[in-house]
Amino acid sequence: MTAPAAAVVAIAAAVLWVVGFAADPRAAMSAYLVAFMAAATIMIGALLQVMMSHLVGAQWFVVLRRFGLMITAPFPALAVLGVPLLVGAPWLYPWANPSVTVHHGIWLSPQFFAIRGMIYLALWAWIAERLRRWALYQDGASASGIVHATHALRRISVVGLIVVTLTGTLAAFDWTMSLEPDWYSTIYGALVLVGGIVAALAMIAILAFGGSTTTNSWRNTITADHGSALATLLFTFVILWAYFSFSQFLIIWIGDIPVEAAWYRTRATGGWGVLAGVTFAAALAVPFVLFLFRRAKRSRGVLAAAGVWIVAAYLANVFWMIRPATSRVPAVRLIDLVALVAVGAALVAVATVRSRRLATLPVGDPYLDQALRYRRG
């Protein structure tokens with residue numbers, strides 16, 4: 001989709017969302033929170049993966065790193081899209097609604113909530129911009145400039161990993177866990193962040209392997225060996241995501257504390273329980289079986305299709321985690337699709353425009369040659 005087309009779609013969907021908000025503010029804000037959190041966690045996941053790749057020395061990922069930067073390119077736009085969430089908090093969070101007599105101290109106060117939210121968004125955008133600018137500089141730098149840029153990217157990544165992990169965890173607590181302020185889970189932030197990394201890696205698989213090698217000659221430089229390595233990494237994070245999900249459930253079930261169990265009681269019965277089972281099977285069982293086969297991991301078509309599948313399962317998981325707090329009916333409403341299209345199309349439009357200056361292959365990266373010659377045994 002071209003940037004102008006995506007912008008038109010985003011504007012049209014935004015207008016429809018405003019109309020829906022006028023009719024039912026709570027339903028519209030709930031739909032917006034699902035769309036915003038899905039987009040934000042995927043972008044945070046891509047940001048974390050880009051920074052990890054700068055630090056761990058995995059040379060094969062060099063040819064895929066720019067796709068991660070493409071996903072993080074619209075972070076400034078995400079900061080703008082976060083404003084409705086901060087302003088519309090009274091329709092979502094019981095502690096932010098003045099008509100509800102509930103007190104949870106200074107931390108869960110509307111003013112501090114908004115300040116923290118703006119800090120999170122500003123930090124993510126700043127870190128993403130620093131990584132982007134140094135990547136652009138590296139493409140056209142001299143030999144000494146390339147070395148300087150490589151060291152700068154690593155320094156940013158060291159600090160950025162700590163900052164993004166901490167603020168991402170707090171944002172998960174603030175924006176989703178506090179929908180039910182009496183419920184808590186210490187592993188919840190890690191669960192959300194790892195889920196975002198899974199979806200981000202799936203998006204990278206779609207971008208890298210979803211096109212034709214005849215229309216995009218640079219895709220020929222991304223080989224089946226790179227695809228196999230990406231599939232293995234994606235498989236690893238899928239297992240970690242499932243482990244965190246099961247660990248949270250098991251600890252709460254063993255503890256048998258009514259306040260904690262209530263969160264799962266709502267999400268494990270009726271239609272929500274069916275959605276939980278389907279989502280878990282789609283996000284874990286299918287990739288688990290698929291990526292056991294070497295031929296599947298080396299197939300461009302399979303990787304792209306698996307990426308689409310995992311992203312769809314992730315969106316369903318975000319819906320399952322958030323929606324029961326505001327609605328007991330497990331149904332996808334028109335406003336849900338409108339909000340998802342509005343947020344998604346807006347970010348696609350910005351990412352398309354901002355990615356034009358970014359070379360698909362990091363031509364200035366000192367490890368590009370090794371990455372292009374990468375082969376798996």
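Just so you know, these numbers use all the heavy atoms, side chains as well, and skip hydrogens, waters and symmetry mates.
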In the structure I gave you, are the side-chain heavy atoms of [X] and [Y] within less than 4.5 Å of one another anywhere?
X: Met177; Y: Val192; answer: no
X: Phe235; Y: Lys297; answer: no
X: Leu347; Y: Leu81; answer: yes
X: Phe67; Y: Ile222; answer: yes
X: Ile127; Y: Met51; answer: yes
X: Phe21; Y: Tyr32; answer: no
X: Leu275; Y: Pro330; answer: no
X: Met52; Y: Ile197; answer: yes

Could you tell me whether the side chain of [X] and the main chain of [Y] form a donor-acceptor pair under 3.5 Å?
X: Thr326; Y: Ile322; value: no
X: Thr279; Y: Ala276; value: no
X: Ser299; Y: Val302; value: yes
X: Trp309; Y: Ala282; value: yes
X: His226; Y: Ala371; value: yes
X: Arg26; Y: Trp91; value: yes
X: Arg132; Y: Ala73; value: no

Shared hydrophobic cluster for [X] and [Y] (ILVMFWY, side-chain gaps under 4.5 Å):
X: Leu334; Y: Phe36; result: yes
X: Met37; Y: Val83; result: no
X: Ile119; Y: Leu85; result: yes
X: Ile44; Y: Leu123; result: yes
X: Phe291; Y: Leu284; result: yes

Consider ring pair (Phe, Tyr, Trp, His ring centres under 6.0 Å). Of Trp263, Trp320, Phe319, which one does Trp272 pass it with? Phe319
Taking every non-hydrogen atom, the tightest pair across [X] and [Y]:
X: Met29; Y: Pro84; value: CE-O, 3.4 Å
X: Ile146; Y: Gly364; value: CG2-O, 3.1 Å
X: Ile206; Y: Gly307; value: CD1-C, 3.5 Å
X: Leu368; Y: Pro362; value: CD2-O, 3.5 Å
X: Ala205; Y: Leu303; value: CB-O, 3.9 Å
X: Leu86; Y: Gly117; value: CD2-CA, 4.2 Å

Should Leu47 and Phe75 be marked as a side-chain contact (heavy atoms from CB on, under 4.5 Å) after you check the CA-CA gap, both sets of side-chain angles, and the distance that decides it? CA-CA 10 Å; Leu47 186 59; Phe75 255 116; 4.0 Å; yes
Cationic N near anionic O, under 4.0 Å, Arg265 to Glu260: no
Would you please say whether a donor-acceptor pair under 3.5 Å links the side chains of Ser228 and Arg294? no
Strictly by modelled atom types, are Ser30 and Arg323 linked by a side-chain donor-acceptor pair under 3.5 Å? yes
Could you check whether the rings of [X] and [Y] sit parallel, tilted or perpendicular, using 30° and 60° as the cut-offs?
X: Trp183; Y: Tyr188; value: perpendicular
X: Phe246; Y: Phe249; value: tilted
X: Tyr374; Y: Trp60; value: tilted
X: Trp241; Y: Tyr314; value: tilted

Would you sort out whether Phe113 and Trp107 count as a ring pair (Phe, Tyr, Trp, His ring centres under 6.0 Å), showing the intermediate values? CA-CA 7 Å; Phe113 172 81; Trp107 185 264; 9.9 Å; no
Please evaluate residues Leu193 and Thr169 with respect to the criterion side-chain contact (heavy atoms from CB on, under 4.5 Å), reporting the C-alpha separation (whole Å), side-chain torsions for both, the decisive distance (0.1 Å), and the verdict. CA-CA 7 Å; Leu193 292 181; Thr169 300; 3.6 Å; yes
Around atom CZ of Phe112, are there more than 12 heavy atoms of other residues, nucleotides or ligands at under 6.0 Å? yes
What verdict does the ring pair (Phe, Tyr, Trp, His ring centres under 6.0 Å) test give for Trp134 and His54, after you've listed the backbone C-alpha separation in whole Å, the side-chain angles of each residue and the deciding distance to 0.1 Å? CA-CA 12 Å; Trp134 277 112; His54 281 298; over 10 Å; no
Test side-chain contact (heavy atoms from CB on, under 4.5 Å) on Arg66 and Asp139 and set out the steps. CA-CA 12 Å; Arg66 291 298 169 87; Asp139 284 344; 2.9 Å; yes
side-chain contact (heavy atoms from CB on, under 4.5 Å) evaluation trace for Asp225 with Arg298: CA-CA 7 Å; Asp225 295 284; Arg298 296 176 64 86; 3.1 Å; yes
